[in-house]
Amino acid sequence: VKMLKEALDGQLTALYNAVAASEQVQVEPVGRWFEAFLKRRTRNVSASFQELEEEEQLSEEEEDEELQLEEYPMLKTLDPKDWKNQDHYAVLGLAHIRYKATQKQIKAAHKAMVLKHHPDKRKAAGEQIVEGDNDYFTCITKAMEMLSDPVKRRAFDSVDPTFDNMVPSKAEGKENFFEVFAPVFERNSRWSVQKHFPSLGALDASFEEVDHFYSFWYNFDSWREFSYLDEEEKEKAECRDERRWIEKQNRASRAQRKKEEMNRIRTLVDTAYNCDPRIKRFKEEEKARKESEKKAKAEAKKREQEEKERARQAEEEAARMRREKEEEAARQVAQQAKKEKEAQKKAIKKERQKLRTTCKTHSYFTDNEADGVRMMEEVEKLCDRLELTSLQTLNEALASGNKEQSKAALEKQVQEVNVQMQKEKEVEMQAQQVVRGAEYTSAGAGGGGGLNNRGWNEEDLQLLIKAVNLFPAGTNASPLSRVVTFVSGTFKTT
């Protein structure tokens, strides 16, 4: 640990950041270096990995000393020329160990077989020896040649005659699945490139374990190859072309056998997968889960639809309530307006009757019978033309003054009404003049389909009367001071 220097005079020591607390993390120790560490610890010595390897080799040699060889009864009957069809492990007495035999064991077995079956040993013992390569001892030499070379040994192991390539049937697997398929997978795992492979497991294995097992076997990487079964040896070829042809034939044969081997493995895995009771259980659980999710989704959708329906009904109910309130308010307003209108009618009727009674009581404020008839007509005219407020004002004036004042008030009101009626009559006459002027203008222009053809309805006349009433005669804006032209069935002012 690097220590801090001591602060000098005038210097200060400041803490910029605190040291983080230590954290413990659990890890799983694996690998050959960890194995070497365990070996060193158990032996209580300090040694390198290479030394441990040497110790392991020494232990193998010690095991080789205790190696028990099995005598091959057919050894002396073997034909050296037919070495491809011989069992090399059995020739060396390793038939009980086979592919599990180490190189030390193979060397030890070969040494023992040489000491026992060498031609010189046998000849010294008085046995008749076949001269040349026809002696069965050549089979021992060939077996050592094949098994000591890793490439040749792998080629022979790939076609081991004792290996069982059998694939169980579905009928066998359904009855005793684990008892039938567990040894088969264990047997075929020897071909795996990967040294560590998953086991078949038990009935209570988890989905992850089962999935890992079948993923491994469906992606199985096999080192098994079939070069040992090549029918032709390229070394025997007389020329390069023949050697190439032999290599081509051998490659095709190996590829075909490799394909058949992978089909066998795939058939094994498919059969096991279809018979595996755990797969059936997982499928049922998955189906139940999907059904549950589907049911939950349907229920959620149903609840959502019900919520929407309730919201829609609530909205419709609220709209209906608002509509009813608005209609009720409109009815009340209409009833109130009706009541007010009826009250106004009654009041007008009352005021009219009051006016008629007052005038009749005072003989219409005249002594002449002819003037009385005229005043009677004027009074009826007032009753028709005056509004409620005007009638009330007039009746109050008639009731509050003497006869002369009442007569003056009545005549004044009559005069005002007559003036108003005269103005309206003039406006109507002006409107008629405008209509005639427009008809004359249209006729003078020679236009067919003008006002003469179009005609003036009641709505047009009322509109024209309102215009004349808005702009009286004698003003600059008067309709009589404008020329009305009819264009395409309508008229414009210019």
Side-chain angles (χ1 to χ4, degrees), residues 35 39 51-166 183-192 195 197 222-230 233:
E35 294 176 358
K39 290 179 181 179
E51 292 173 348
L52 290 176
E53 290 291 336
E54 293 177 355
E55 291 180 2
E56 184 177 355
Q57 291 178 0
L58 291 175
S59 64
E60 289 181 358
E61 291 180 357
E62 293 175 357
E63 293 176 358
D64 292 342
E65 294 177 358
E66 301 176 358
L67 178 63
Q68 298 294 330
L69 301 180
E70 291 184 354
E71 186 68 26
Y72 185 39
M74 302 296 294
L75 177 61
K76 295 183 179 182
T77 63
L78 294 177
D79 183 5
K81 296 179 181 180
D82 193 24
W83 61 269
K84 266 198 172 184
N85 293 324
Q86 73 180 23
D87 187 349
H88 301 300
Y89 288 111
V91 169
L92 295 181
L94 300 174
H96 59 295
I97 303 178
R98 305 198 70 79
Y99 70 95
K100 296 181 181 179
T102 64
Q103 286 297 321
K104 294 295 183 181
Q105 291 173 332
I106 293 174
K107 290 179 181 180
H110 178 256
K111 181 178 180 180
M113 295 300 290
V114 169
L115 292 175
K116 184 176 180 179
H117 296 282
H118 196 275
D120 294 340
K121 291 279 186 180
R122 288 158 42 213
K123 187 176 181 179
E127 184 179 343
Q128 187 69 27
I129 304 300
V130 179
E131 297 296 334
D133 295 336
N134 295 326
D135 188 72
Y136 73 88
F137 184 77
T138 306
C139 295
I140 298 176
T141 304
K142 195 67 177 179
M144 181 59 185
E145 178 187 346
M146 296 299 299
L147 298 182
S148 62
D149 188 339
V151 177
K152 293 180 179 180
R153 184 182 180 183
R154 171 164 289 193
F156 176 71
D157 287 342
S158 297
V159 295
D160 192 341
T162 63
F163 181 77
D164 185 6
N165 290 293
M166 184 270 299
V184 178
F185 281 106
E186 182 69 22
R187 183 168 65 245
N188 283 274
S189 63
R190 64 180 285 188
W191 312 121
S192 175
K195 298 302 180 182
F197 44 84
S222 174
W223 56 262
R224 194 177 188 185
E225 48 94 8
F226 301 92
S227 61
Y228 191 83
L229 300 178
D230 291 346
E233 297 181 9

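Residues take their numbers from the sequence shown, with the count starting at 1.
- For the pair A95 and E70, the tightest heavy-atom approach, listed with the atom from each and the gap, is CB-OE1, 4.2 Å.
- Heavy atoms only, all atoms of each residue included: A109 and L69 are closest at CB-CD2, 3.7 Å.
- Using a distance-only test at 3.5 Å, with no hydrogens or angles considered, no donor-acceptor pair links the side chain of Y228 to the main chain of R154.
- In this structure a side-chain-to-backbone donor-acceptor pair under 3.5 Å is missing from E145 to I140.
- Taking CG of D120 as the reference point, atom CD1 of I129 lies at 8.5 Å (rounded to 0.5 Å).
- Within the model, atoms CG of L94 and CG of L147 stand 7.5 Å from one another, a figure rounded to the nearest 0.5 Å.
- With H96 contributing its side chain and Q68 its backbone, the two residues share a donor-acceptor pair below 3.5 Å.
- To the nearest 0.5 Å, atoms CE (M144) and CD1 (I106) are separated by 7.0 Å.
- Residues W83 and M146 form a side-chain contact, since some pair of their non-hydrogen atoms from C-beta on lies under 4.5 Å apart.
- Taking all atoms of both residues into account, the shortest heavy-atom contact from W223 to S192 is CD1-O, 3.4 Å.
- Note: M74 CE to C139 SG = 11.5 Å, rounded to the nearest 0.5 Å.
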Chi angles and distances behind the side-chain contact (heavy atoms from CB on, under 4.5 Å) call for L75, M113: CA-CA 11 Å; L75 177 61; M113 295 300 290; 3.6 Å; yes
List the steps, then state whether side-chain contact (heavy atoms from CB on, under 4.5 Å) holds for W191 with F163. CA-CA 11 Å; W191 312 121; F163 181 77; 3.2 Å; yes
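- At a cut-off of 3.5 Å, with distance as the only test, no side-chain donor of R153 or S148 sits close to an acceptor on the other residue.
- Remark: side-chain polar atoms of K142 are not paired, donor with acceptor, to backbone N or O of F137 under 3.5 angstrom.
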Taking it one step at a time, do R224 and F226 satisfy side-chain contact (heavy atoms from CB on, under 4.5 Å)? CA-CA 7 Å; R224 194 177 188 185; F226 301 92; 4.1 Å; yes
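- Residues D157 and Y89 have side chains that bring a donor and an acceptor to within less than 3.5 angstrom of each other.
- Atoms CG and OH, from L92 and Y72 in turn, are 11.5 Å apart once rounded to the nearest 0.5 Å.
- Residues P80 and N134 share a closest heavy-atom pair of CG-O, 3.5 Å.
- Of the residues listed (R122, K123, K81), the one engaging D135 in a salt bridge (charged side-chain N to carboxylate O under 4.0 Å, His left out) is R122, and it is the only one.
- K107 NZ: 12 or fewer foreign heavy atoms inside a 6.0 Å radius.
- A distance-only check finds a donor-acceptor pair linking the side chain of S158 to the backbone of E225 [under 3.5 Å].
- Across K76, H117, Q86, a single residue satisfies side chain to side chain donor-acceptor pair (under 3.5 Å) together with Y136, and that is H117.
- Of all non-hydrogen atoms in K84 and D230, the two that sit nearest each other are NZ-O, 2.7 Å.
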